[in-house]
Amino acid sequence: MLTLLFIALIVLFFLGVPVAFSLGIVSVAYFIIQDTLPLTTVAQRFVLGTESYSLMAIPLYMLAGVIMNSAGITDRIFGFAKALIGHFTGGLAHVNVLASLIFSGMSGSELADASGLGTVEIKAMEDAGYDKEFAAVITAGSATIGPIFPPSIPMVIIGSVAGISIGKLFVGGVLPGLILTIYLLLLNFLISKKRKYPKGNNFSISRLFQTFKSAFAALLAPIIILGGILSGLFTPTEAGVVAVVYSLFVGFFIYRSLKVRDLFPVMVNVSKETAKIMYIVAAAYAFAWVLAREELGVIATESITAISTNPMVILTLIVGLFLFAGCFINPTANIIIFVPMLMPLVESVGLNPIHFGVVSTLALMIGLITPPLGLCMFIICGITKISVIQFTRAVIPVLVALVLVLVTIMYVPALITWLPEVLLGP
(Lines give C-alpha, C1' and ligand atoms only; values in the text may rest on other atoms or scores of the structure.)
Protein backbone atom coordinates (compact mmCIF):
# COMPACT_ATOMS: atom_id res chain seq x y z
CA MET A 1 0.00 0.00 0.00
CA LEU A 2 2.82 2.42 0.86
CA THR A 3 4.37 1.90 -2.55
CA LEU A 4 1.06 2.66 -4.29
CA LEU A 5 0.60 5.80 -2.20
CA PHE A 6 3.99 7.21 -3.13
CA ILE A 7 3.61 6.28 -6.80
CA ALA A 8 0.26 8.10 -6.86
CA LEU A 9 1.84 11.12 -5.17
CA ILE A 10 4.73 11.26 -7.65
CA VAL A 11 2.33 10.97 -10.60
CA LEU A 12 0.25 13.86 -9.28
CA PHE A 13 3.39 15.99 -8.80
CA PHE A 14 4.48 15.36 -12.40
CA LEU A 15 0.98 16.24 -13.62
CA GLY A 16 1.43 19.63 -11.99
CA VAL A 17 -1.15 19.17 -9.22
CA PRO A 18 -0.28 21.49 -6.28
CA VAL A 19 1.34 19.76 -3.30
CA ALA A 20 -1.56 20.38 -0.91
CA PHE A 21 -4.13 18.95 -3.34
CA SER A 22 -1.87 16.00 -4.16
CA LEU A 23 -1.55 15.10 -0.48
CA GLY A 24 -5.28 15.55 0.05
CA ILE A 25 -6.25 13.42 -2.96
CA VAL A 26 -3.94 10.56 -1.94
CA SER A 27 -5.21 10.68 1.65
CA VAL A 28 -8.88 10.58 0.58
CA ALA A 29 -8.12 7.75 -1.88
CA TYR A 30 -6.57 5.75 0.96
CA PHE A 31 -9.71 6.13 3.08
CA ILE A 32 -11.89 5.08 0.14
CA ILE A 33 -9.77 1.99 -0.52
CA GLN A 34 -9.73 1.08 3.16
CA ASP A 35 -13.48 0.68 3.36
CA THR A 36 -13.27 -0.14 7.08
CA LEU A 37 -12.50 3.52 7.74
CA PRO A 38 -15.37 6.05 7.61
CA LEU A 39 -14.74 9.01 5.31
CA THR A 40 -15.54 11.36 8.19
CA THR A 41 -12.18 10.34 9.67
CA VAL A 42 -10.26 12.08 6.88
CA ALA A 43 -12.17 15.30 7.59
CA GLN A 44 -11.25 14.95 11.26
CA ARG A 45 -7.58 14.51 10.32
CA PHE A 46 -7.70 17.71 8.25
CA VAL A 47 -9.23 19.70 11.10
CA LEU A 48 -6.97 18.25 13.80
CA GLY A 49 -3.93 19.23 11.75
CA THR A 50 -4.70 22.91 12.16
CA GLU A 51 -5.92 22.85 15.77
CA SER A 52 -2.77 24.08 17.44
CA TYR A 53 -2.16 27.13 19.60
CA SER A 54 1.42 27.37 18.33
CA LEU A 55 0.29 27.58 14.69
CA MET A 56 -1.51 30.84 15.49
CA ALA A 57 1.94 32.44 15.35
CA ILE A 58 2.16 31.88 11.58
CA PRO A 59 -0.38 34.50 10.42
CA LEU A 60 0.83 36.88 13.13
CA TYR A 61 4.47 36.89 12.02
CA MET A 62 3.38 37.08 8.39
CA LEU A 63 1.13 40.04 9.17
CA ALA A 64 3.90 41.86 11.04
CA GLY A 65 6.28 41.39 8.09
CA VAL A 66 3.74 42.56 5.50
CA ILE A 67 2.78 45.61 7.58
CA MET A 68 6.44 46.59 7.83
CA ASN A 69 6.78 46.17 4.08
CA SER A 70 3.72 48.34 3.47
CA ALA A 71 5.04 50.99 5.85
CA GLY A 72 8.25 51.33 3.84
CA ILE A 73 10.38 49.94 6.65
CA THR A 74 12.28 47.68 4.24
CA ASP A 75 13.64 50.79 2.47
CA ARG A 76 14.92 52.16 5.80
CA ILE A 77 16.57 48.84 6.67
CA PHE A 78 18.18 48.74 3.22
CA GLY A 79 19.40 52.32 3.62
CA PHE A 80 21.00 51.60 7.00
CA ALA A 81 22.70 48.42 5.73
CA LYS A 82 23.99 50.36 2.70
CA ALA A 83 25.48 53.07 4.91
CA LEU A 84 27.09 50.45 7.16
CA ILE A 85 28.79 48.12 4.65
CA GLY A 86 27.97 49.44 1.18
CA HIS A 87 31.45 50.95 0.75
CA PHE A 88 33.15 47.55 0.38
CA THR A 89 33.82 45.87 -2.98
CA GLY A 90 30.49 44.38 -4.08
CA GLY A 91 28.85 46.65 -1.53
CA LEU A 92 25.24 46.18 -2.61
CA ALA A 93 25.61 42.40 -2.49
CA HIS A 94 26.79 42.73 1.13
CA VAL A 95 23.90 45.10 1.83
CA ASN A 96 21.55 42.47 0.40
CA VAL A 97 22.72 39.90 2.95
CA LEU A 98 22.82 42.23 5.97
CA ALA A 99 19.37 43.67 5.19
CA SER A 100 17.98 40.13 5.01
CA LEU A 101 19.46 39.35 8.44
CA ILE A 102 17.80 42.43 9.94
CA PHE A 103 14.46 41.84 8.22
CA SER A 104 14.51 38.17 9.26
CA GLY A 105 14.05 39.33 12.84
CA MET A 106 10.54 40.47 11.88
CA SER A 107 9.13 38.19 9.17
CA GLY A 108 10.35 34.65 9.99
CA SER A 109 9.77 33.63 6.38
CA GLU A 110 12.12 33.02 3.45
CA LEU A 111 9.36 33.80 0.95
CA ALA A 112 8.49 37.09 2.69
CA ASP A 113 12.13 38.17 2.54
CA ALA A 114 12.46 37.15 -1.11
CA SER A 115 9.26 38.81 -2.31
CA GLY A 116 9.34 41.91 -0.08
CA LEU A 117 12.91 42.99 0.59
CA GLY A 118 14.12 41.10 -2.50
CA THR A 119 12.31 43.49 -4.84
CA VAL A 120 14.19 46.47 -3.37
CA GLU A 121 17.55 44.66 -3.30
CA ILE A 122 17.43 43.29 -6.84
CA LYS A 123 16.41 46.62 -8.41
CA ALA A 124 19.25 48.44 -6.60
CA MET A 125 21.80 45.81 -7.69
CA GLU A 126 20.65 45.86 -11.32
CA ASP A 127 20.77 49.67 -11.40
CA ALA A 128 24.35 49.55 -10.09
CA GLY A 129 25.48 47.20 -12.87
CA TYR A 130 25.37 43.79 -11.20
CA ASP A 131 24.50 40.76 -13.33
CA LYS A 132 20.83 39.83 -13.08
CA GLU A 133 21.69 36.21 -12.34
CA PHE A 134 24.01 37.14 -9.47
CA ALA A 135 21.47 39.58 -8.00
CA ALA A 136 18.86 36.81 -8.20
CA VAL A 137 20.86 34.03 -6.54
CA ILE A 138 22.38 36.15 -3.77
CA THR A 139 18.90 37.44 -2.93
CA ALA A 140 17.60 33.87 -2.84
CA GLY A 141 20.52 32.78 -0.67
CA SER A 142 20.19 35.68 1.77
CA ALA A 143 16.44 35.03 2.09
CA THR A 144 17.37 31.67 3.63
CA ILE A 145 18.51 33.56 6.73
CA GLY A 146 14.86 34.49 7.47
CA PRO A 147 13.66 31.09 8.74
CA ILE A 148 16.92 30.40 10.64
CA PHE A 149 17.32 33.63 12.60
CA PRO A 150 14.43 34.12 15.06
CA PRO A 151 11.50 34.38 14.78
CA SER A 152 10.96 31.52 12.36
CA ILE A 153 7.70 30.20 10.92
CA PRO A 154 9.17 26.75 10.03
CA MET A 155 10.48 26.41 13.60
CA VAL A 156 7.00 27.19 14.91
CA ILE A 157 5.66 24.28 12.83
CA ILE A 158 8.48 21.93 13.86
CA GLY A 159 8.02 22.77 17.53
CA SER A 160 4.26 22.30 17.20
CA VAL A 161 4.33 18.86 15.55
CA ALA A 162 7.37 17.49 17.42
CA GLY A 163 6.71 18.82 20.92
CA ILE A 164 9.99 20.80 20.95
CA SER A 165 10.29 24.13 22.77
CA ILE A 166 9.75 26.82 20.13
CA GLY A 167 11.58 29.37 22.29
CA LYS A 168 14.67 27.13 22.41
CA LEU A 169 14.48 26.54 18.66
CA PHE A 170 14.38 30.32 18.13
CA VAL A 171 17.44 30.89 20.34
CA GLY A 172 19.19 27.90 18.78
CA GLY A 173 18.88 29.59 15.39
CA VAL A 174 20.75 32.77 16.40
CA LEU A 175 24.35 31.58 15.90
CA PRO A 176 23.57 29.55 12.74
CA GLY A 177 21.83 32.62 11.31
CA LEU A 178 24.93 34.74 11.98
CA ILE A 179 27.23 32.04 10.56
CA LEU A 180 25.08 31.86 7.42
CA THR A 181 25.38 35.64 7.08
CA ILE A 182 29.19 35.49 7.38
CA TYR A 183 29.47 32.68 4.82
CA LEU A 184 27.37 34.61 2.31
CA LEU A 185 29.36 37.81 2.90
CA LEU A 186 32.59 35.92 2.21
CA LEU A 187 31.09 34.44 -0.96
CA ASN A 188 30.00 37.93 -2.05
CA PHE A 189 33.49 39.30 -1.49
CA LEU A 190 35.19 36.57 -3.53
CA ILE A 191 32.75 36.81 -6.46
CA SER A 192 32.72 40.62 -6.42
CA LYS A 193 36.54 40.76 -6.47
CA LYS A 194 36.67 38.35 -9.39
CA ARG A 195 33.98 40.13 -11.42
CA LYS A 196 35.07 43.64 -10.35
CA TYR A 197 31.66 44.67 -9.05
CA PRO A 198 31.55 48.30 -7.85
CA LYS A 199 31.92 49.74 -4.39
CA GLY A 200 29.25 52.00 -2.99
CA ASN A 201 29.73 55.52 -1.66
CA ASN A 202 32.61 56.17 0.71
CA PHE A 203 31.88 55.42 4.34
CA SER A 204 30.36 58.36 6.21
CA ILE A 205 29.72 58.53 9.93
CA SER A 206 27.05 61.19 9.48
CA ARG A 207 25.22 59.09 6.84
CA LEU A 208 25.43 56.02 9.06
CA PHE A 209 24.03 57.98 11.99
CA GLN A 210 21.17 59.41 9.90
CA THR A 211 20.16 56.04 8.46
CA PHE A 212 20.48 54.39 11.87
CA LYS A 213 18.20 57.02 13.38
CA SER A 214 15.73 56.52 10.52
CA ALA A 215 15.74 52.72 10.88
CA PHE A 216 16.03 52.57 14.68
CA ALA A 217 12.40 51.65 15.33
CA ALA A 218 12.62 48.84 12.76
CA LEU A 219 15.93 47.60 14.20
CA LEU A 220 14.34 47.48 17.64
CA ALA A 221 11.68 44.96 16.57
CA PRO A 222 13.86 41.79 16.68
CA ILE A 223 15.25 42.84 20.08
CA ILE A 224 11.73 43.29 21.49
CA ILE A 225 10.54 39.94 20.08
CA LEU A 226 13.50 37.85 21.17
CA GLY A 227 14.03 39.75 24.42
CA GLY A 228 10.41 39.23 25.44
CA ILE A 229 10.60 35.49 24.75
CA LEU A 230 13.89 35.06 26.63
CA SER A 231 12.70 37.10 29.62
CA GLY A 232 9.48 35.09 29.85
CA LEU A 233 7.28 38.14 29.27
CA PHE A 234 5.46 36.31 26.48
CA THR A 235 5.48 33.01 24.58
CA PRO A 236 6.64 32.73 20.96
CA THR A 237 2.99 32.79 19.86
CA GLU A 238 2.23 35.86 21.97
CA ALA A 239 5.38 37.42 20.51
CA GLY A 240 3.58 37.35 17.16
CA VAL A 241 0.85 39.59 18.62
CA VAL A 242 3.50 41.92 20.02
CA ALA A 243 5.20 42.04 16.60
CA VAL A 244 1.93 43.02 14.89
CA VAL A 245 1.06 45.70 17.47
CA TYR A 246 4.59 47.10 17.33
CA SER A 247 4.64 47.18 13.51
CA LEU A 248 1.29 49.02 13.52
CA PHE A 249 2.59 51.50 16.10
CA VAL A 250 5.76 52.13 14.07
CA GLY A 251 3.85 52.45 10.79
CA PHE A 252 1.13 54.78 12.11
CA PHE A 253 2.83 56.89 14.78
CA ILE A 254 6.61 56.85 14.29
CA TYR A 255 7.14 56.76 10.53
CA ARG A 256 3.56 57.85 9.74
CA SER A 257 3.85 56.06 6.41
CA LEU A 258 0.95 53.66 7.02
CA LYS A 259 -2.66 54.63 6.34
CA VAL A 260 -5.83 52.95 7.55
CA ARG A 261 -6.80 52.25 3.94
CA ASP A 262 -3.56 50.24 3.55
CA LEU A 263 -4.68 47.67 6.12
CA PHE A 264 -7.47 46.02 4.13
CA PRO A 265 -5.29 44.81 1.21
CA VAL A 266 -2.65 43.75 3.76
CA MET A 267 -5.22 41.68 5.67
CA VAL A 268 -6.52 40.12 2.45
CA ASN A 269 -3.00 39.22 1.33
CA VAL A 270 -2.07 37.66 4.67
CA SER A 271 -5.39 35.80 4.84
CA LYS A 272 -4.75 34.24 1.43
CA GLU A 273 -1.20 33.21 2.32
CA THR A 274 -2.31 31.84 5.69
CA ALA A 275 -5.08 29.83 4.02
CA LYS A 276 -2.53 28.30 1.64
CA ILE A 277 -0.19 27.32 4.47
CA MET A 278 -2.95 25.95 6.69
CA TYR A 279 -4.40 23.87 3.85
CA ILE A 280 -0.95 22.40 3.30
CA VAL A 281 -0.72 21.72 7.05
CA ALA A 282 -4.16 20.05 7.07
CA ALA A 283 -3.50 17.88 4.00
CA ALA A 284 -0.01 16.95 5.17
CA TYR A 285 -1.35 16.02 8.62
CA ALA A 286 -3.91 13.68 7.04
CA PHE A 287 -1.22 12.12 4.84
CA ALA A 288 1.13 11.78 7.83
CA TRP A 289 -1.66 9.95 9.71
CA VAL A 290 -1.99 7.55 6.78
CA LEU A 291 1.77 6.91 6.82
CA ALA A 292 1.69 6.37 10.58
CA ARG A 293 -1.18 3.89 10.21
CA GLU A 294 0.90 2.02 7.63
CA GLU A 295 3.78 2.05 10.17
CA LEU A 296 6.21 3.88 7.88
CA GLY A 297 7.90 5.37 10.96
CA VAL A 298 8.65 1.90 12.32
CA ILE A 299 9.91 0.73 8.93
CA ALA A 300 12.12 3.82 8.53
CA THR A 301 13.54 3.49 12.05
CA GLU A 302 14.39 -0.17 11.55
CA SER A 303 15.91 0.47 8.11
CA ILE A 304 18.06 3.40 9.23
CA THR A 305 19.26 1.84 12.49
CA ALA A 306 20.20 -1.26 10.49
CA ILE A 307 22.73 0.95 8.68
CA SER A 308 24.05 2.65 11.82
CA THR A 309 23.07 3.81 15.30
CA ASN A 310 25.65 6.61 15.37
CA PRO A 311 23.72 9.88 15.96
CA MET A 312 25.78 11.84 13.40
CA VAL A 313 25.32 9.18 10.74
CA ILE A 314 21.57 9.16 11.45
CA LEU A 315 21.43 12.97 11.23
CA THR A 316 23.37 12.91 7.95
CA LEU A 317 20.87 10.44 6.46
CA ILE A 318 17.94 12.55 7.66
CA VAL A 319 19.47 15.73 6.22
CA GLY A 320 20.03 13.94 2.91
CA LEU A 321 16.33 13.00 2.90
CA PHE A 322 15.29 16.60 3.61
CA LEU A 323 17.60 18.06 0.95
CA PHE A 324 16.14 15.68 -1.64
CA ALA A 325 12.50 16.07 -0.57
CA GLY A 326 12.89 19.85 -0.33
CA CYS A 327 13.55 20.02 -4.08
CA PHE A 328 10.04 18.73 -4.78
CA ILE A 329 7.76 19.30 -1.76
CA ASN A 330 6.89 22.45 0.17
CA PRO A 331 8.86 22.66 3.49
CA THR A 332 5.65 22.88 5.52
CA ALA A 333 4.41 19.58 4.06
CA ASN A 334 7.82 17.98 4.60
CA ILE A 335 7.82 19.03 8.25
CA ILE A 336 4.31 17.72 8.94
CA ILE A 337 4.96 14.43 7.13
CA PHE A 338 8.48 13.54 8.20
CA VAL A 339 9.31 15.24 11.52
CA PRO A 340 6.74 13.41 13.73
CA MET A 341 7.69 10.14 12.00
CA LEU A 342 11.41 10.71 12.66
CA MET A 343 11.18 11.96 16.26
CA PRO A 344 11.16 8.44 17.83
CA LEU A 345 14.34 7.68 15.84
CA VAL A 346 15.91 10.99 16.89
CA GLU A 347 15.18 10.30 20.56
CA SER A 348 16.27 6.65 20.40
CA VAL A 349 19.79 7.49 19.16
CA GLY A 350 20.22 10.42 21.57
CA LEU A 351 20.12 13.35 19.13
CA ASN A 352 19.41 16.69 20.80
CA PRO A 353 15.93 17.75 19.57
CA ILE A 354 16.94 21.43 19.35
CA HIS A 355 19.95 20.49 17.22
CA PHE A 356 17.74 18.29 15.05
CA GLY A 357 15.09 21.02 14.67
CA VAL A 358 17.45 23.81 13.59
CA VAL A 359 19.47 21.59 11.22
CA SER A 360 16.25 20.29 9.67
CA THR A 361 14.99 23.84 9.17
CA LEU A 362 18.08 24.89 7.21
CA ALA A 363 18.07 21.68 5.14
CA LEU A 364 14.44 22.25 4.14
CA MET A 365 14.96 25.95 3.42
CA ILE A 366 17.79 25.12 1.01
CA GLY A 367 15.18 23.18 -0.96
CA LEU A 368 13.25 26.39 -1.56
CA ILE A 369 16.00 27.71 -3.85
CA THR A 370 16.93 24.35 -5.38
CA PRO A 371 15.70 23.33 -8.84
CA PRO A 372 13.47 21.91 -10.15
CA LEU A 373 10.56 23.04 -7.93
CA GLY A 374 11.98 25.45 -5.35
CA LEU A 375 9.23 28.00 -4.66
CA CYS A 376 11.62 30.81 -3.69
CA MET A 377 13.50 30.18 -6.94
CA PHE A 378 10.31 30.84 -8.94
CA ILE A 379 9.59 34.04 -6.99
CA ILE A 380 13.09 35.39 -7.63
CA CYS A 381 12.98 34.39 -11.30
CA GLY A 382 9.67 36.25 -11.59
CA ILE A 383 11.17 39.41 -10.07
CA THR A 384 14.35 39.38 -12.19
CA LYS A 385 12.72 38.00 -15.37
CA ILE A 386 15.41 35.32 -15.79
CA SER A 387 14.79 31.68 -16.70
CA VAL A 388 15.05 28.73 -14.34
CA ILE A 389 18.00 27.50 -16.42
CA GLN A 390 19.85 30.80 -15.88
CA PHE A 391 19.08 30.67 -12.16
CA THR A 392 20.24 27.06 -11.93
CA ARG A 393 23.61 27.83 -13.50
CA ALA A 394 24.21 30.83 -11.24
CA VAL A 395 22.97 29.38 -7.94
CA ILE A 396 25.62 26.65 -7.57
CA PRO A 397 28.16 28.75 -5.53
CA VAL A 398 25.35 29.90 -3.21
CA LEU A 399 24.16 26.33 -2.69
CA VAL A 400 27.74 25.29 -1.89
CA ALA A 401 27.94 28.03 0.75
CA LEU A 402 24.60 27.02 2.28
CA VAL A 403 25.58 23.34 2.39
CA LEU A 404 28.89 24.28 4.07
CA VAL A 405 26.91 26.11 6.76
CA LEU A 406 24.64 23.07 7.09
CA VAL A 407 27.63 20.74 7.51
CA THR A 408 29.20 23.13 10.04
CA ILE A 409 26.17 23.22 12.34
CA MET A 410 25.52 19.49 11.85
CA TYR A 411 28.93 18.43 13.12
CA VAL A 412 29.39 21.17 15.72
CA PRO A 413 26.13 20.83 17.70
CA ALA A 414 27.26 23.38 20.31
CA LEU A 415 26.73 26.13 17.73
CA ILE A 416 23.03 25.41 18.13
CA THR A 417 22.64 24.01 21.64
CA TRP A 418 24.99 26.24 23.63
CA LEU A 419 22.97 29.48 23.59
CA PRO A 420 19.59 27.90 24.51
CA GLU A 421 21.24 26.07 27.42
CA VAL A 422 22.89 29.27 28.68
CA LEU A 423 19.82 31.49 28.33
CA LEU A 424 16.94 29.05 28.89
CA GLY A 425 18.51 26.13 30.77
CA PRO A 426 18.91 22.46 29.75
Side-chain angles (χ1 to χ4, degrees), residues 1-2 4-6 8-9 12 17-63 108-109 147 152-167 169 235-238 240-241 270-301 322 325 329-347 353 356-357 360-361 364:
M1 178 59 74
L2 281 173
L4 288 174
L5 288 174
F6 281 108
L9 201 59
L12 289 170
V17 179
V19 171
F21 289 105
S22 298
L23 294 171
I25 290 168
V26 172
S27 301
V28 172
Y30 176 83
F31 279 86
I32 292 172
I33 294 169
Q34 298 288 331
D35 55 6
T36 57
L37 296 171
L39 275 176
T40 52
T41 307
V42 71
Q44 292 171 354
R45 296 299 108 191
F46 269 71
V47 173
L48 286 172
T50 59
E51 283 189 342
S52 169
Y53 170 74
S54 300
L55 293 179
M56 289 175 60
I58 295 174
L60 293 170
Y61 287 128
M62 288 176 64
L63 181 58
S109 166
S152 164
I153 289 174
M155 288 182 188
V156 168
I157 300 172
I158 288 177
S160 176
V161 300
I164 304 172
S165 166
I166 296 173
L169 285 172
T235 67
T237 302
E238 292 165 346
V241 179
V270 172
S271 298
K272 288 179 179 178
E273 293 305 313
T274 301
K276 291 177 186 177
I277 292 175
M278 297 311 287
Y279 187 80
I280 292 171
V281 169
Y285 187 86
F287 186 69
W289 185 88
V290 169
L291 297 182
R293 191 173 187 273
E294 291 294 315
E295 298 186 334
L296 180 60
V298 176
I299 296 169
T301 299
F322 283 156
I329 306 177
N330 182 285
T332 301
N334 275 321
I335 290 169
I336 302 292
I337 292 168
F338 291 114
V339 170
M341 181 180 73
L342 292 170
M343 280 309 295
L345 172 62
V346 168
E347 293 166 355
F356 166 74
S360 299
T361 300
L364 289 168

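For clarity, every value in this text was computed on a predicted model and none was experimentally measured. The first residue of the sequence shown is numbered 1, and numbering continues consecutively from there.
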According to side-chain contact (heavy atoms from CB on, under 4.5 Å), who are the partners of A300, at least two apart in sequence or on a separate chain?
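In terms of side-chain contact (heavy atoms from CB on, under 4.5 Å), with neighbours along the sequence ignored, A300 is linked to no residue.
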
Taking only residues two or more places apart in sequence, or in another chain, which ones meet V28 in a side-chain contact (heavy atoms from CB on, under 4.5 Å)?
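For V28 the side-chain contact (heavy atoms from CB on, under 4.5 Å) partners, ignoring immediate neighbours, are I32, V42.
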
Min side-chain heavy-atom separation [X]-[Y] under 4.5 Å:
X: L169; Y: S152; result: no
X: T235; Y: I166; result: no
X: L364; Y: F338; result: no
X: F356; Y: V339; result: yes
X: V161; Y: M343; result: no

Please find the pair of heavy atoms, one from [X] and one from [Y], that lie closest to each other, and give the distance.
X: S27; Y: A286; value: OG-C, 3.7 Å
X: P236; Y: G167; value: CG-N, 3.7 Å
X: M155; Y: P147; value: CE-O, 3.7 Å
X: I280; Y: A20; value: CG1-CB, 3.7 Å
X: L291; Y: I337; value: CD1-CG2, 3.6 Å
X: I158; Y: G357; value: CD1-O, 3.6 Å

Gap separating the [atom1] atom of [X] from the [atom2] atom of [Y], nearest 0.5 angstrom:
X: I157; Y: N334; atom1: CD1; atom2: CG; answer: 11.0 Å
X: T361; Y: I153; atom1: OG1; atom2: CD1; answer: 12.0 Å
X: L4; Y: L9; atom1: CG; atom2: CG; answer: 12.5 Å

Checking the side chain of S160 only, and the main-chain atoms of V156 only, is there a donor and an acceptor separated by less than 3.5 Å?
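Here the side-chain-to-backbone pair does not exist.
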
Give a yes or no on whether the backbone of V17 and the side-chain of S22 come within a donor-acceptor separation of less than 3.5 Å.
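Yes.
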
Worked verdict on I277 versus L55 for side-chain contact (heavy atoms from CB on, under 4.5 Å):
CA-CA 10 Å; I277 292 175; L55 293 179; over 6 Å; no

Audit row: V290, F31, side-chain contact (heavy atoms from CB on, under 4.5 Å) steps and yes/no
CA-CA 9 Å; V290 169; F31 279 86; 4.0 Å; yes

Once side-chain hydrogen bond (donor to acceptor under 3.5 Å, both in side chains) is applied, what residue pairs with a partner in residues 274-289 remain, sequence neighbours excluded?
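Counting only pairs at least two positions apart or across chains, the side-chain hydrogen bond (donor to acceptor under 3.5 Å, both in side chains) contacts touching residues 274-289 are E273-K276.
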
